[in-house]
Amino acid sequence: MNEGNRTPLPEHLARARAGDRDAFDIVAASVVDRLYTIARLILRDADLAEDAVQEALVRCWRDLSTLRDDAHFDAWIRRLLMNAITDEFRRAGRRRTAISMLRREPPAGDPADDIATREQLARGFRRLTLEHRKVLVLRLYLGLSLEETASTLGIPAGTAKSRLHYAIEAMRVALEADARSPIEEVSA
Amino acid sequence: MNAGRDVERLIADWFVEEAVLRAPDRVLTDAGRAIDRTKQRRLHAAGRTIQMPVSPRLATAAVLGVLVVGGALLAMRPSLVSVATSPSPLVSPTAPSSPTPQPTASPPVASDAFVIPAMTERTTPGPDGISIGYPTGWVVEEDGVRWWLNGEPDSQLLIGFYVDSSKLEVSETADEWVADSAAEESEGISMTCPAPGPTEIMIGSEGRRGIVLSSDCRYGGMGHHFRAVLVEGDRGYSFHMDTTRGNGRAWFEALLANVTFEEAASEDP
């Protein structure tokens, strides 16, 4: 588990649920770092990640009264974040003109080289759909179980499993392809 | 398998290296300003107001029966047949009769002898009113249907077809929703697409025509991706198919042709 911050105390949640802004500030401060870490990994964009976390916190404040069981707060706010990430991603897409071009990448270095490998991983990750990225981060970074991953994303465990399978396979092939071919199609 | 584990380890280590563990202070301060303008939702309203923040992907089926029939459904391409270890011959199934009449489009047959069996089964309609016809032996999941080699999710995935939908935003037009979906399609993944086929595609048997956003686009190692979208009333539908093989357009068309629309549940978001 690589999350920062701590789960907010029930008393703070209870007060925040009752509309206590100071209590909510404590709640927000207790989760903001880990939300940002997750959003940044998935979106790979600092501005979008900030916006997604802000939106998740606003929704958390707005909908906190609907959280029935404080024990589920962590999972609940992760779900809020996933939705906010989706929204930010879509908004960002709306702002951009999607074009495809063929870019000639510099020759890939020795696969054993750490820097080259990191670049290959980054390229492969950017090619994944947002949903595939989410599954990878939840599963391989946060260490959530498949069931927890599925619950966070609001999908069946089988779907989470297949997405994880796709995503890992796509990353593997991206690594191999980058090592083989200098030509890559990219979206901008 | 070990290679897969190595990649997982590589990705996990990379995530740890890349992780930014502290959010900029402005995230909290900006969120605070927005929260100051946001009223908390209260639960005194009548009816259920559970705000489970589900993704726009809405389930198309509540049925979760696992229908495993070995792998003897499809007459696959030789390369795939050689992967399968099904003991039974690869033939189209004799279709069990469906309990309810269904609109069945004649299943197309791909030019490369990739035989598509009859869509003899059907999911129950999801809250968005969509149900999906599919061949016997496929696995029904919450948001779609899948066929796994030999029925084993751990094995190579062959075909997955799933649907998501969402209501258009109040000020959003159908064209904007489609453009947004297209942008999302291009943004999320880098794909190598062959020459596009017809941009319109039949969805269901009642003359609805969707727009193809991706057709047989290759991504990663496993992926040949298809996606079509359709706006019906105030709801936008996305139909996705991922398959491990190329030339799957006929499959996509067959699955789309066997989608049916019913009225969405009123409480559906």
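Chain naming here is simple, since letters A, B, ... match the order of the sequence lines and numbering starts at 1 in each. Given the structure is predicted, the values throughout are model-derived calculations rather than measurements.
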Spacing of CD belonging to A/E119 relative to CH2 belonging to B/W14, to within rounding of 0.5 Å: 11.5 Å

Interatomic spacing from CD in B/E8 to CZ in A/R172 - rounded to 0.5 Å: 12.0 Å

Interatomic spacing from CZ in A/F125 to CZ in B/F15 - rounded to 0.5 Å: 4.0 Å

Straight-line distance of A/F24 CZ to B/I35 CD1, nearest 0.5 Å: 4.0 Å

Closest heavy-atom pair and its distance - A/W61, B/T38: NE1-O, 2.9 Å

Shortest non-hydrogen separation from B/G32 to A/R21 and the atoms involved: O-NH1, 3.6 Å

Interchain contact, A/L57 with chain B, by part (heavy-atom threshold 4.5 Å): both

Considering all heavy atoms, the nearest A/V58-B/A34 contact: CG2-CB, 3.6 Å

Part of B/R37 lying under 4.5 Å from any heavy atom of chain A: neither

A/A122, part contacting chain B, at a heavy-atom distance under 4.5 Å: both

Contact class of A/L136 relative to chain B, heavy atoms under 4.5 angstrom: both

Separation of A/L121 CG from B/D13 CG (nearest 0.5 Å): 9.5 Å

Verdict with reasoning, A/D51 to B/D30, per side-chain contact (heavy atoms from CB on, under 4.5 Å): CA-CA 9 Å; A/D51 289 347; B/D30 289 354; over 6 Å; no

Salt bridge (charged side-chain N to carboxylate O under 4.0 Å, His left out) involving B/D25 - partner list, sequence neighbours excluded: B/R22

A/T37 side chain to B/A19 backbone, donor-acceptor under 3.5 Å: no

Shortest non-hydrogen contact from A/Q54 toward B/R26: NE2-O, 4.1 Å

Heavy-atom contact with chain A under 4.5 Å, split by part of B/D36: both

Value rounded to 0.5 Å, distance of CZ in A/R139 from CD1 in B/I11: 12.0 Å

Candidate list A/V53, A/D33, A/V32, test side chain to side chain contact (heavy atoms under 4.5 Å, CB included), partner B/L28, passing option: A/V32

Side-chain touch B/E18/A/R44, heavy atoms, less than 4.5 angstrom: yes

